Structure formats: structure tokens, C-alpha cells
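Quantities reported herein were computed from a predicted structural model and do not represent experimental measurements. Atoms considered below: every heavy atom in the structure, side chains included; atoms not considered: hydrogens, waters and symmetry mates.
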Amino acid sequence: LLHRTAEERLDPLREPLGSSISKSGDTVVYCTNMGVVAGLDASNGWPRWIRKYRQYPIEPTRDPYNPQRLGFGWANNPPLTDDGVVYVTPMDSPYLYAIDLATGEERWKQEVNPNVGEWAASENTYRWLLGLRGGTLFLQGNDLMTLDLTKQGKRKWPLPKALKAA
């Protein structure tokens, strides 16, 4: 059992894959889903900036044959860019991050999925970035929600429960 191939060792529940890339102007953005988001020069691939983000805490394992399984709030979404800002939802973090596309500085973060591993049972869990339009970010999970990007991700509206039941 100690000599497994890389494919046999990879467990997407414990070892998330990086996101798809997004390109805005001459910058490519990539989220590792392992604690780092990077902005790369599109012409040569060199890093322009690297931004660490807060990950879910992982307790040390006590049993190497039964490692801790990670729960995830966010799906593996590609970063979205608009008006010089990149919006990223790392699988290993409860936050939606707004990062300056040119400098990599964090503009703001919004905790949207605080209950890691409980998203299926949570009434207010959002997993997917659906898109951007007119300063509004659309999220979907157990229901729909929009965030006002002009007000540091303040929630605009979730879909009313009466409409969800219909």
C-alpha cells in the first residue's frame, strides 16, 4: 500500500485541484485552492503578485491510516474579474475575496460559507459564482443571492423563501 501511483494517492476530497484560470488584460489569475492566489504576466507566465488567504484550520492527524477529510463550502470556481478587481472563492476558505488585479492587495473579503462541511444541511450556503453584472455578483447554492460589489460585498438579496418553495 505504500507504493501507489500518483493517481491512486490523489483524493479530491482532501487534495483540491487548482481553479481554472481567468485572463483580464495582460494578467492571468489562478487560485491554487491551497492557500494562495496568483496574478501572472500573460506574455511570459512570471508572477506579478502572490496573495495568501485564510484557509480552514486543519487539525493534526492522529491516525495516518485514517486522515481527516476536509469539507468544502465553495465549488471549484474560476476567478471572475471586473473593473480591475478579481473575485475568488477558494475551496479551502469560507471567504469570497476581492483582490486588486494590478497589485494583488486584498480590497475586502466576505464570509459567505462559515460552516465548512455542513453546506448540504445549511440553509444559507453558496457554492457557485454565476457571474457579474453592473456591480452585482450572483451566487448560487441552496438558493440564489447577490452581493453589491460597490459596498464591499454587502448582501443585496437572497431569493425569498416563498419563491424557493414554488
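For Tyr53, the ring pair (Phe, Tyr, Trp, His ring centres under 6.0 Å) test picks out Tyr97, with sequence neighbours left out. With sequence neighbours left out, Leu130 forms a side chain to side chain contact (heavy atoms under 4.5 Å, CB included) with Trp128, Phe138, Gln140, Leu144.
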Derivation of the side chain to side chain contact (heavy atoms under 4.5 Å, CB included) call for Leu129 and Leu139:
CA-CA 5 Å; Leu129 293 177; Leu139 306 173; 3.1 Å; yes
Working for side chain to side chain contact (heavy atoms under 4.5 Å, CB included), residues Ile99 and Val29
CA-CA 10 Å; Ile99 299 171; Val29 180; over 6 Å; no
Apply salt bridge (Lys or Arg N to Asp or Glu O under 4.0 Å) to Asp41 and Arg48, showing your working.
CA-CA 6 Å; Asp41 186 307; Arg48 291 193 169 162; 3.0 Å; yes
Cut-off 3.5 Å, no hydrogens considered: what does the side-chain donor-acceptor table look like for residues 78-85, sequence neighbours left out?
none

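Put simply, the side chain of Gln110 gets close to the backbone of Gly153: a donor and an acceptor are under 3.5 Å apart. Panel note: side chain Lys52, backbone Arg54; no donor-acceptor pair is recorded below 3.5 Å. Looking only at distances, a side-chain donor or acceptor of Asn76 sits under 3.5 Å from a matching main-chain atom of Gly18. Side chain of Arg51 to main chain of Gly104: a donor-acceptor pair is present (N/O by atom type, distance under 3.5 Å, no hydrogens or angles).
Residues Val36 and Leu96 do not share a hydrophobic cluster, defined by chaining ILVMFWY side chains whose heavy atoms lie under 4.5 Å apart.
Salt-bridge formation is detected for the pair Arg107/Asp100: a Lys NZ or Arg NE/NH1/NH2 atom is positioned less than 4.0 Å from an Asp or Glu carboxylate oxygen.
Among the candidates Thr103, Val37, Leu40, the single residue satisfying the side chain to side chain contact (heavy atoms under 4.5 Å, CB included) test with Trp49 is Val37.
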